[in-house]
Peer 1: 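Let me begin by handing over the structure; questions about it come next.
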Amino acid sequence: MPGPSPGLHRALLGLWAALGLGLLSLSAVTQEPFWADLQPRVALVERGGSLWLNCSTNCPRPERGGLETSLRRNGTQKGLRWLARQLVDIREPETQPVCFFRCARRTLQARGLIRTFQRPDRVELVPLPAWQPVGENFTLSCRVPGAGPRGSLTLTLLRGTQELIRRSFAGESPRARGAVLTATVLARREDHGANFSCRAELDLRPHGLGLFENSSAPRELRTFTLPPEPPRLTAPRLLEVGSEGPVSCVIDGLFPVSEAGVYLALGDQRLSPDVTLEGDALMATTTATASAEQEGARQLVCNVTLGGESRETRENVTVYSFPEPHLTLSEPNAPEGTIVTVTCAAETQALVTLDGIPAAAPGQPAQLQLNATEYDDRRGFFCDATLEVDGETLSKNESVELRVLYAPRLDDSDCPRSWTWPEGPEQTLRCDARGNPQPSVHCARPDGAAVLALGLLGPVTRALAGTYRCTATNDQGQAVKDVTLTVEYAPALDSVGCPERITWLEGTEVSLSCVALGVPPPNVSCVRFGGAEVIEGLMRVAREHAGTYRCEATNARGSAAKNVAVTVEYGPRFEEVSCPSNWTWVEGSGRLFSCEVAGKPQPSVECVGSGGTSEGVLLPLAPPDPGSRAPRIPSDLAPGTYICNATNRHGSMVKMVTVSAESPPQMDESTCPSHQSWLEGAEAAALACSARGRPSPQVSCSREGAPRPQRLRVSREDAGTYRCLATNAHGTDARIITVGVEYRPVVAELAASPPGGVRPGGNFTLTCRAEAWPPAQISWRAPPGALNIGLSSNNSTLSVAGAMGSHGGEYECAATNAHGRHTRRITVRVAGPWLWVAVGGAAGGAALLAAGAGLAFYVQSTACKKGEYNVQEAESSGEAVCLNGAGAGAGRDAGAEGGSEAAGTSEVPAGGEVFAIQLPSA
């Protein structure tokens with residue numbers, strides 16, 4: 001026996017739980033109501049499945065109990081207060097089992113509810129029509145038999161994956177099973193080949209189960225469009241036995257056109273068409289061949305089938321028999337003069353006509369006779385037969401050609417007596433003869449020198465021109481004829497008949513003529529370039545006749561043109577413009593005398609001096625051609641008279657030329673020194689500047705920068721840079737001049753330092769500053785007995801270190817240059833703590849003069865012995881001068897005027913100022 005099912009375990013578990021609760025509350029049994037319980041109270045079971053039901057009570061000692069149901073039972077288990085029973089093969093949509101117990105004379109009951117469900121295992125889509133016309137409705141019907149409960153079902157109709165309609169059956173009776181969904185759909189072109197299906201969904205998720213789905217097998221829909229109009233059938237109305245006729249059947253608006261079927265037949269004979277599809281149109285084409293068995297009226301059928309429907313068209317075709325007529329000659333190749341009979345006949349009841357003459361009746365032949373002549377050769381005869389078929393008259397014909405044998409004929413039309421051909425292009429030379437058989441023709445010159453290649457393509461040359469004898473021969477005889485061949489060609493102007501260059505001599509009579517080659521003979525005319533007048537006849541040559549002429553030769557075959565250059569030659573001739581009688585040569589210009597002489601050919605020219613400095617001198621001439629090598633340009637040219645002689649092959653000519661020489665301005669250091677000096681106070685004068693040149697140049701000088709003011713005397717402000725410009729007819733020359741202004745020396749300053757605070761044993765310095773140009777040389781004269789005197793390098797400063805009483809006295813500073821001398825004096829006194837410095841007046845100067853003379857020698861000798869001497873006097877002196885070696889002078893302090901004096905003299909100022917310097921005591 002199999003073990004208990006999981007449902008049984010659940011039922012037993014519930015029973016034991018109920019019993020446990022009863023035991024725990026045993027004391028309250030008498031106080032609580034008794035009940036019966038059924039588990040599960042509500043159940044949903046798949047159709048055909050099984051279920052354990054547990055029936056229990058809380059009655060301590062039930063009298064009896066049980067489970068009432070109409071369902072099949074498979075097993076039962078029970079206890080004192082419970083009962084478990086398995087129900088199997090549950091198929092009822094809904095059933096209500098009852099659990100009951102008898103307790104304390106009461107019946108305790110519990111009702112349950114068992115419902116079944118069935119999965120949508122079968123989903124059926126009703127088959128679709130084999131073909132569905134586009135634009136008409138069709139029905140989609142989906143059946144899901146047995147599935148349920150219906151209230152949990154949802155059905156969906158689909159086109160491919162597109163939902164067309166979806167319906168839920170919620171709210172239906174729980175006992176309802178199975179479902180049907182129907183929809184009406186309009187067929188479209190795009191539905192052709194589409195798959196339709198149905199999907200069923202049983203949703204039991206609200207009951208704790210899953211979602212069960214299934215779909216039907218897809219069904220393909222085939223839609224079509226077949227227009228109501230029949231196809232268009234095209235075919236010949238009449239068809240001859242053994243012949244073929246084109247047949248075409250066309251219908252538009254088909255869909256799908258590739259699914260359409262075509263049937264073509266002529267009577268009982270099915271035709272095999274070629275089908276062409278284009279868009280929604282179908283075209284079936286073929287050829288129908290009629291046989292003798294089909295003779296008579298037949299029907300041509302075209303049937304187009306699509307989607308189980310068809311469209312058909314019928315046409316009547318008449319099949320007939322009409323053989324070709326027979327045309328015969330009694331003598332196809334008849335010698336000239338033979339009688340020939342021509343017969344035209346037909347096999348059917350056709351009416352024949354021979355060369356427009358009908359037979360006596362249908363079915364009878366037509367005949368004619370003729371005497372053959374050369375004009376009947378290749379004569380054509382025409383036989384025509386007519387037959388009426390189904391109200392239409394048909395016609396057939398045959399022709400034949402008569403050949404007449406005769407001797408050759410050379411007609412002018414086929415072999416002209418005169419041939420004219422253009423030279424150059426390839427031609428086929430023909431001389432055709434009439435005759436039968438066809439004659440052979442041979443053309444050759446009477447002397448046998450040349451033979452014409454008749455009938456062959458070849459170039460035409462001038463050598464073929466001439467007269468030929470042509471002979472035509474066949475079996476019937478021969479014919480002879482003389483022909484002349486003329487070869488025409490375009491004009492040609494060669495160098496013999498029309499040279500490219502012609503030379504005429506001025507004054508002679510000539511004519512311009514050109515002879516051209518060509519057939520027919522060309523007409524030649526010459527016109528000067530730029531003109532329109534044709535040159536004809538004799539003319540007297542002048543220079544203006546020289547130039548280029550255009551000669552053109554013309555005939556029927558073309559034209560030729562040539563340029564002819566005419567040169568007119570003449571003897572030499574001088575022209576004043578091109579060879580002047582007077583010429584000026586400019587030194588340094590690089591120009592040569594140009595003497596161009598008219599003449600053809602170009603004359604040679606030579607100019608030779610005829611007197612004076614130019615006697616026998618050859619004058620260099622500029623070359624007439626700029627590209628020619630020029631003679632060496634002379635640096636000097638002898639002026640004078642030259643005789644120029646021009647010569648060519650037509651004569652010579654002489655001309656006198658006077659040559660003069662000139663030169664452009666020129667200044668240098670000798671005529672215009674670059675550095676010049678003026679003396680201040682001298683009378684104002686112009687710069688010493690002149691220039692060489694012919695004609696004599698004009699020289700003008702101007703100061704650069706600020707202009708020089710007008711003065712009577714030279715001032716220092718006149719110094720600076722001047723520009724001098726020399727000018728004549730052949731050019732200019734400039735020179736830059738530096739002007740310096742020189743002036744006499746002036747001792748501008750004589751001062752002592754320090755101005756105070758010097759005592760015996762102290763130091764002092766005397767400074768002498770002079771203004772002069774050229775720079776002045778400075779010299780000193782000191783008091784006698786003044787020792788330890790030092791001088792600066794340029795003698796401008798005298799220094800004493802450790803002053804003593806012997807240093808007191810008069811000191812003199814003298815400034816000397818080439819234009820004069822100027823002195824100033826200063827007196828130094830050493831007395832007690834004070835050092836007095838005075839500028840000597842009239843009395844003081846005289847008293848000190850004698851003492852200074854004795855001291856001068858001492859200072860000079862001692863200074864020289866001690867090496868105290870002036871190493872450099874002024875900027876321009878390199879000579880060492882002893883102290884006071886420059887002589888004596890006079891001067892005064894700042895503010896006093898100083899004067900110049902000659903050596904050995906003394907000038908004392910009329911008045912002076914005294915400056916005191918206090919020397920502090922030791």
Side-chain angles (χ1 to χ4, degrees), residues 127-139 159 184-196 219-322 387-395:
L128 301 176
W131 286 95
Q132 176 64 35
V134 172
E136 297 183 10
N137 291 327
F138 65 97
T139 301
R159 179 194 291 118
T184 300
V185 181
L186 180 66
R188 306 174 303 169
R189 274 196 176 199
E190 46 270 34
D191 293 335
H192 180 71
N195 288 322
F196 291 82
R219 296 190 182 275
E220 183 181 10
L221 179 66
R222 301 170 69 193
T223 62
F224 75 98
T225 300
L226 182 64
E229 296 82 9
R232 300 186 297 278
L233 181 61
T234 305
R237 193 170 64 85
L238 303 177
L239 189 61
E240 187 177 2
V241 173
S243 66
E244 294 181 346
V247 177
S248 69
C249 180
V250 180
I251 186 169
D252 300 326
L254 295 179
F255 176 80
V257 66
S258 59
E259 299 288 341
V262 183
Y263 172 80
L264 275 174
L266 176 61
D268 298 332
Q269 178 189 0
R270 182 166 182 172
L271 306 178
S272 299
D274 294 327
V275 178
T276 303
L277 307 179
E278 184 175 351
D280 290 346
L282 179 147
M283 177 187 295
T285 58
T286 186
T287 55
T289 304
S291 62
E293 294 79 12
Q294 293 177 313
E295 189 171 355
R298 293 287 182 269
Q299 273 200 337
L300 182 65
V301 179
C302 175
N303 184 283
V304 178
T305 304
L306 179 62
E309 299 183 13
S310 64
R311 302 289 185 267
E312 184 177 277
T313 300
R314 294 175 177 267
E315 293 289 344
N316 291 326
V317 177
T318 300
V319 179
Y320 67 95
S321 177
F322 184 17
L387 177 67
E388 185 174 347
V389 179
D390 195 18
E392 186 173 340
T393 300
L394 306 178
S395 175

Peer 1: About how many Å separate CG of Leu221 and CD of Gln132, when rounded to the nearest 0.5 Å?
Peer 2: 6.5 Å
Peer 1: Under 4.5 Å between any side-chain heavy atoms of Pro256 and Phe224, yes or no?
Peer 2: yes
Peer 1: Considering non-hydrogen atoms only, spot the tightest contact between Ala288 and Val247 and give its length.
Peer 2: CB-CG2, 3.9 Å
Peer 1: Check the orientation of His192 and Trp131. Use parallel for under 30°, tilted for 30 to 60°, and perpendicular for over 60°.
Peer 2: parallel
Peer 1: Glu392 side chain to Val389 main-chain N or O, any donor-acceptor pair under 3.5 Å?
Peer 2: no
Peer 1: Judged by atom type as modelled, is there a donor-acceptor pair below 3.5 Å linking the side chain of Arg311 to the main-chain atoms of Pro227?
Peer 2: yes
Peer 1: Taking 4.0 angstrom as the limit, do Arg298 and Asp268 come out as a salt bridge?
Peer 2: no
Peer 1: Please determine which of Thr286, Thr285, Asp274 meets the side-chain contact (heavy atoms from CB on, under 4.5 Å) test together with Ser248.
Peer 2: Thr285
Peer 1: Does Glu312 reach the side chain of Val301, with side-chain heavy atoms less than 4.5 Å apart?
Peer 2: yes
Peer 1: Considering non-hydrogen atoms only, spot the tightest contact between Ala281 and Asp252 and give its length.
Peer 2: CB-OD1, 3.2 Å
Peer 1: Do Asp280 and Thr225 come within less than 4.5 Å of each other through their side chains, counting heavy atoms only?
Peer 2: no
Peer 1: Quick check: closest heavy atoms across Leu239 and Gly245, and the distance to 0.1 Å?
Peer 2: CD1-N, 3.7 Å
Peer 1: Kindly compute the distance separating CG (Leu233) from CG (Asn303), expressed to the nearest 0.5 Å.
Peer 2: 11.5 Å
Peer 1: Run the side-chain contact (heavy atoms from CB on, under 4.5 Å) check on Leu128 and Phe138 step by step: do they pass?
Peer 2: CA-CA 8 Å; Leu128 301 176; Phe138 65 97; 4.3 Å; yes
Peer 1: Determine yes or no for a side-chain-to-main-chain donor-acceptor pair under 3.5 angstrom, with Thr223 supplying the side chain and Arg188 the backbone.
Peer 2: yes
Peer 1: Distance check, rounded to the nearest 0.5 Å: Leu277 atom CG versus Met283 atom CE?
Peer 2: 10.5 Å
Peer 1: Sequence neighbours left out, what passes ring pair (Phe, Tyr, Trp, His ring centres under 6.0 Å) with Tyr320? Give chain and number order.
Peer 2: none
Peer 1: Can you measure from OG (Ser321) to CD (Glu240) and round to the nearest 0.5 angstrom?
Peer 2: 6.5 Å
Peer 1: Which heavy atom of Val262 sits nearest to which heavy atom of Ala284, and what is that distance?
Peer 2: CG1-CB, 3.8 Å
Peer 1: So, for Val317 and Leu300, which heavy atoms are closest and what is the spacing to 0.1 Å?
Peer 2: CG2-CB, 4.0 Å
Peer 1: Say you draw a straight line from OG1 of Thr318 to CG of Asp390; how long is it, rounded to the nearest 0.5 Å?
Peer 2: 4.0 Å
Peer 1: Taking only residues two or more places apart in sequence or in another chain, which ones pass salt bridge (charged side-chain N to carboxylate O under 4.0 Å, His left out) with Glu136?
Peer 2: none
Peer 1: Rounded to the nearest 0.5 Å, what separates atom CG in Leu282 from atom SG in Cys249?
Peer 2: 7.5 Å
Peer 1: Flag yes if more than 12 heavy atoms outside Glu278 fall under 6.0 Å of its CD atom; otherwise flag no.
Peer 2: no
Peer 1: Between Gly279 and Val257, which heavy-atom pair has the shortest distance, and what is it?
Peer 2: O-CG1, 3.5 Å
